Asker: 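There's a structure below that I have some questions on.
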Amino acid sequence: MNDANLKPIKKEESGWRAVAEFVLELVRVTAICATIVIIFRWFLFQPFIVKGSSMEPTYEDGQYLIIFQLPYRFPNQFHTFSEEHRGITVVFHPPNDPKNYYIKRLIGLPGERVKIEDGLVKIFNKSHPDGLILTEQYLGDGVKTLGGIYDDVYLGLDQIYVLGDNRLQSSDSRRIGPVPIKNVVGRPFVRGWPLDKIGA
């Protein structure tokens, strides 16, 4: 029977091993954190700062928003463009400037006809073949919706129609036309700035 031989570990080897284990653990933790951040940033939440006055008084210039993205990454699964969503605000890439971001209110749903006439918005769909004048409580008293290039539009099944709340100062579907659903990034979830307006 042979005796097992033991070799003493030198202090230098022990020290290097501890450093290597620490570095490997640090890399592992960093990779996990980076993965979590990427998932949150790409699929769930994204920060934005409002620029301009097109959504006043709902959203003002300089306000900090966190938007929720997940349903808009998979619109076919979440059905984010149905009657219950009409009137929400969405963030999207305008079709004429795909690198930019706009924030507007969802007015026309896929497959509908949107007509702007006499300062009012009229929606035509299966439930209202003769048209329904849209009631927009979020607008101030006396606000009129003036027409534009696209003031009578038939939306495709992959398109929506959006308008800014500040109807006189908004570049929206009246000017840029219908917005492809694939261009929608998300919807505001939390207002983080200014302090007196923080909230969902």
Side-chain angles (χ1 to χ4, degrees), residues 41-83 85-125 131-134 136 138-140 143-189 191:
R41 180 70 166 73
W42 186 254
F43 287 102
L44 295 178
F45 302 101
Q46 188 174 353
F48 282 94
I49 294 178
V50 178
K51 292 184 179 180
S53 60
S54 70
M55 281 298 291
E56 290 181 351
T58 308
Y59 300 108
E60 298 175 354
D61 184 63
Q63 289 186 343
Y64 183 90
L65 304 176
I66 302 293
I67 70 165
F68 183 46
Q69 302 179 108
L70 182 61
Y72 302 92
R73 292 287 183 186
F74 310 98
N76 293 331
Q77 284 73 31
F78 286 92
H79 306 292
T80 50
F81 302 100
S82 56
E83 183 62 40
H85 299 102
R86 193 192 307 277
I88 67 170
T89 51
V90 292
V91 175
F92 61 94
H93 297 291
N96 61 339
D97 189 7
K99 292 184 178 180
N100 207 344
Y101 293 90
Y102 281 12
I103 179 170
K104 307 292 178 187
R105 197 171 293 277
L106 176 60
I107 299 297
L109 303 174
E112 293 184 331
R113 176 190 177 192
V114 180
K115 184 177 183 180
I116 298 173
E117 189 175 39
D118 298 327
L120 299 171
V121 179
K122 207 170 190 179
I123 302 294
F124 298 81
N125 53 31
L132 172 70
I133 294 176
L134 198 61
E136 301 185 87
Y138 39 80
L139 297 180
V143 174
K144 298 291 184 182
T145 304
L146 303 180
I149 301 173
Y150 301 94
D151 56 8
D152 190 355
V153 176
Y154 289 86
L155 300 174
L157 296 179
D158 60 346
Q159 296 177 321
I160 58 174
Y161 195 93
V162 296
L163 294 173
D165 287 358
N166 187 357
R167 297 288 158 89
L168 295 179
Q169 299 293 329
S170 177
S171 178
D172 46 41
S173 285
R174 293 171 295 177
R175 179 179 176 185
I176 65 175
V179 175
I181 287 177
K182 65 180 182 179
N183 287 28
V184 179
V185 177
R187 64 174 296 186
F189 179 66
R191 193 189 326 245

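Heads up: numbering here begins at 1 and tracks the sequence. Quick caveat: nothing in here was measured; it's all calculated off a predicted structure.
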Asker: For residues Tyr150 and Tyr161, report the shortest heavy-atom separation together with the two atoms involved.
Answerer: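 What the structure gives for the nearest pair is O-OH, 2.6 Å.
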
Asker: I'd like to know if the side chain of Asn166 and the backbone of Ser53 have a donor-acceptor N/O pair within less than 3.5 Å.
Answerer: yes

Asker: For the atom pair CD1 (Ile176) and NZ (Lys104), what is the distance rounded to the nearest 0.5 Å?
Answerer: 7.5 Å

Asker: If you take all heavy atoms of Ile107 and Val121, which pair is closest and at what distance?
Answerer: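 Closest approach of Ile107 to Val121, heavy atoms only: CG2-CG1, 3.8 Å.
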
Asker: Might you point out which heavy atoms bring Ile181 and Pro110 nearest each other, and give the distance in Å?
Answerer: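 Shortest heavy-atom contact: CD1-CG, 3.7 Å.
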
Asker: Are Ile160 and Phe92 packed together at the side-chain level, in the sense that at least one heavy-atom pair is separated by less than 4.5 angstrom?
Answerer: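 Contact flag for Ile160/Phe92 side chains = no.
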
Asker: Which value, rounded to the nearest 0.5 Å, describes the distance between Thr145 atom OG1 and Leu120 atom CG?
Answerer: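 Between atom OG1 of Thr145 and atom CG of Leu120 there are 7.0 Å.
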
Asker: Quick one: side chain to side chain donor-acceptor pair (under 3.5 Å) partners of Tyr59, sequence neighbours excluded?
Answerer: Thr89

Asker: Of all residues at least two apart in sequence or in a different chain, which pass the side chain to side chain donor-acceptor pair (under 3.5 Å) check with Asp118?
Answerer: none

Asker: Please, which pairs that meet salt bridge (charged side-chain N to carboxylate O under 4.0 Å, His left out) have at least one residue in residues 106-116, sequence neighbours excluded?
Answerer: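 Every pair satisfying salt bridge (charged side-chain N to carboxylate O under 4.0 Å, His left out) with a residue in residues 106-116: Arg86-Glu112, Arg113-Asp152, Lys115-Glu117.
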
Asker: To the closest 0.5 Å, what do you measure between CG (Leu132) and CG (Leu134)?
Answerer: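 That separation rounds to 7.0 Å.
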
Asker: Show every salt bridge (charged side-chain N to carboxylate O under 4.0 Å, His left out) that has at least one partner inside residues 161-171, sequence neighbours left out.
Answerer: Arg105-Asp165, Glu136-Arg167

Asker: Could you name each residue pair satisfying side chain to side chain donor-acceptor pair (under 3.5 Å) that touches residues 171-180, not counting sequence neighbours?
Answerer: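 Side chain to side chain donor-acceptor pair (under 3.5 Å) check on residues 171-180 returns Ser170-Asp172, Asp172-Arg174.
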
Asker: Over all heavy atoms of both residues, which pair between Ile88 and Tyr72 is shortest? Give the atoms and the distance, please.
Answerer: CD1-OH, 3.5 Å

Asker: Could you walk me through whether Val114 and Ile123 pass side chain to side chain contact (heavy atoms under 4.5 Å, CB included), step by step?
Answerer: CA-CA 5 Å; Val114 180; Ile123 302 294; 4.0 Å; yes

Asker: With Asp61, which residues qualify under side chain to side chain donor-acceptor pair (under 3.5 Å), at least two apart?
Answerer: none

Asker: Between atom NZ of Lys182 and atom CD of Gln159, what is the distance when rounded to the nearest 0.5 Å?
Answerer: 10.5 Å

Asker: Mind checking whether His93 and Tyr101 have parallel, tilted or perpendicular rings, split at 30° and 60°?
Answerer: tilted

Asker: To check you understand the geometry: which heavy-atom pair defines the closest contact between Leu65 and Ile103, and what is its length?
Answerer: CD1-CD1, 3.8 Å

Asker: How close do Gly111 and Leu157 get, heavy atom to heavy atom, and via which atoms?
Answerer: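 Shortest heavy-atom separation between Gly111 and Leu157 comes out as CA-CD2, 3.9 Å.
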
